[in-house]
Amino acid sequence: MNPLVAPEAAAHPLAGLTALSVNLNKVALLRNTRHLGIPSVLRAAQLVLEAGAQGITVHPRPDERHIRGSDVHELAAMLREQWPQVEYNIEGNPLQNLMDFVRAVRPHQATFVPDSESQFTSDHGWNLPADADTLRPLIAECHTLGVRVSLFMDPLPEAMAHARALGADRVELYTETWASSFGTSRQAEVGAAFEATAKAALAAGLGVNAGHDLNRDNLAEFLRLAPGTAEVSIGHALIADALELGYAETVRAYLTCIHQASQST
Ligand SMILES: CC(=O)[C@@H](O)[C@H](O)COP(=O)(O)O
Ligand SMILES: NCC(=O)COP(=O)(O)O
């Protein structure tokens, strides 16, 4: 869809605010419980983008429990025609079905996630350098297609240089431990690991994304610890909030969290 953006280190994310990419998995999950086509994934995308979200993320798992292949292609067409400036991020395991979508759709970004086919949810990052030989050619193929690659990673500073050596453009920090420690006695310790990992990633020339269990309570503090974060992809909590507040008010609330964090770094 769009050429690979310039190397991440050249366009320091602090130059702009962290982008909000809304993950639509849970809209599709609810839609799939009846044969009525509602709630609409496309309408959800339209409404969150109209409210100011800068990206759309989907994770089309092989069992199609939520996002289906048809959703991936319909969203690609809609973004291409109506929202060409909006980032399309497709997540998945490149050793399963992700590469077929990357080849067909050529999203702005592919996020490689080491999930098994039946996994309940994403719960760990890649094991580097052990997974390096498997990932390197797939990253290279994405680059020939003009697709940026982000590797889903645990907050391990020592793994960042390995990610860059593979050719990854960004890492996505898996933030479940941040979310589960937030507000507890472990928050400072866990936060320090994310702060160090984000710094190590930027120092290695990687862009920094983040996601999983981020919400309106824990987002701003996370971004204060990792001010160079280029993109947060948020789905579960944001869609849950939207059930109460509506898409537009919810997106504005998350954008406010991002803006507030940028004011204090
Ligand atoms: C990779 C990640 O942490 C999430 O983006 C993932 O998409 C969550 O998957 P489920 O929505 O299926 O829990
Ligand atoms: N990569 C994280 C994502 O897209 C959404 O994760 P969550 O907010 O649904 O936990």
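Keep in mind that this is a model prediction, so the values were computed, not measured. When a residue number appears, it is its place in the shown sequence, counting from 1.
Aromatic rings of Phe222 and Phe194 (six-membered ring for Trp) have centroids within the 6.0 Å cut-off, being under it.
The residue from Val86, Ile56, Ile239 that alone fulfils the side-chain contact (heavy atoms from CB on, under 4.5 Å) condition with Val48 is Ile56. Each of Leu135, Thr134, Leu138, Asp131 was scored for a side-chain contact (heavy atoms from CB on, under 4.5 Å) with Leu166, with one residue passing: Leu135. Results of the side-chain hydrogen bond (donor to acceptor under 3.5 Å, both in side chains) test with Gln109 over Glu87, Glu91, Glu231 single out Glu231 as the only residue that passes.
Heavy atoms of other residues, nucleotides or ligands lying less than 6.0 angstrom from NE2 of His259 number 12 at most. For Arg103, the CZ atom is densely surrounded, since the number of other residues' heavy atoms within 6.0 Å is greater than 12. More than 12 heavy atoms of other residues, nucleotides or ligands lie within 6.0 Å of CZ in Arg136, so this atom counts as buried by the packing criterion.
Remark: side-chain polar atoms of Asn209 are not paired, donor with acceptor, to backbone N or O of Phe152 under 3.5 angstrom. Thr175 places a side-chain N or O within 3.5 Å of a backbone atom of Gly211 that can act as its donor or acceptor partner. Within the 3.5 Å criterion, the main-chain N or O of Gln187 finds no donor-acceptor partner in the side chain of Trp178. In this structure a side-chain-to-backbone donor-acceptor pair under 3.5 Å is missing from Arg80 to Pro84. Panel note: side chain Asn23, backbone Ser233; no donor-acceptor pair is recorded below 3.5 Å.
For the residue pair Glu117 / Asn93, no side-chain donor-acceptor distance below 3.5 Å is found, with atom types taken as modelled. Between Gln46 and Trp83, the side chains place a donor N or O and an acceptor N or O closer than 3.5 Å (distance only, hydrogens not considered). Side chain to side chain, Tyr254 and Asn215 fail the donor-acceptor criterion of an N or O pair below 3.5 Å. Inspection of the Arg61 and Asn97 side chains reveals no N or O donor paired with an N or O acceptor under 3.5 Å. Asn89 and Ser21 share no donor-acceptor pair across their side chains, judged by distance under 3.5 Å alone.
The line from CG of Leu79 to CG of Leu49 is 6.5 Å long, rounded to the nearest 0.5 Å. A distance of 6.5 Å separates CG of Leu75 from CG of Leu24, quoted to the nearest 0.5 Å. Considering NZ of Lys26 and NE2 of His59, their distance stands at 10.5 Å, rounded to 0.5 Å. The line from OG of Ser116 to NE2 of His124 is 7.5 Å long, rounded to the nearest 0.5 Å. The CD1 atom of Ile67 sits 8.5 Å away from atom CG of Asn32, with the distance rounded to the nearest 0.5 Å. Here CG of Leu238 is found 9.5 Å from OH of Tyr247. Values are rounded to the nearest 0.5 Å.
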Exercise for review: Any chance you could lay out the side chain to side chain contact (heavy atoms under 4.5 Å, CB included) test for Gln54 and Gln85, step after step, and finish with the verdict?
Suggested key: CA-CA 8 Å; Gln54 291 95 352; Gln85 79 286 2; over 6 Å; no
**Study point:** Steps toward side chain to side chain contact (heavy atoms under 4.5 Å, CB included) verdict (Glu158, Leu128)
**Key:** CA-CA 9 Å; Glu158 64 277 12; Leu128 297 183; over 6 Å; no
**Study point:** Working for side-chain hydrogen bond (donor to acceptor under 3.5 Å, both in side chains), residues His143 and Asp169
**Key:** CA-CA 10 Å; His143 287 166; Asp169 305 285; 2.7 Å; yes
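A chain of hydrophobic side-chain contacts below 4.5 Å, direct or via other Ile, Leu, Val, Met, Phe, Trp or Tyr residues, connects Val251 to Leu42. Put simply, Leu95 and Val72 are part of the same group of oily side chains (I, L, V, M, F, W, Y) that touch within less than 4.5 Å, one to the next. Cluster annotation: Leu17 is connected to Leu202 through the hydrophobic network of ILVMFWY side chains, with a link wherever side-chain heavy atoms come within less than 4.5 Å. Each of Leu29 and Leu47 belongs to its own hydrophobic cluster when Ile, Leu, Val, Met, Phe, Trp and Tyr are linked at side-chain heavy-atom distances under 4.5 angstrom. Residue Leu156 is not grouped with residue Val190 when hydrophobic side chains (ILVMFWY) are merged at heavy-atom distances under 4.5 angstrom, including chains of intermediate members.
One finds no salt bridge joining Arg252 and Glu249 here, because no Lys/Arg side-chain nitrogen approaches an Asp/Glu carboxylate oxygen to under 4.0 Å.
Heavy-atom minimum distance, Cys142 versus Val149: CB-CG2, 3.4 Å. Taking both residues in full, the closest heavy atoms of Gly246 and Thr250 are given as O-OG1, 2.7 Å, listed atom of the first, atom of the second, then distance.
Between His212 and Tyr174, the ring-plane angle classifies as perpendicular under the 30° and 60° cut-offs. Under the 30°/60° scheme for interplanar angles, the aromatic rings of Phe101 and His73 are found to be tilted.
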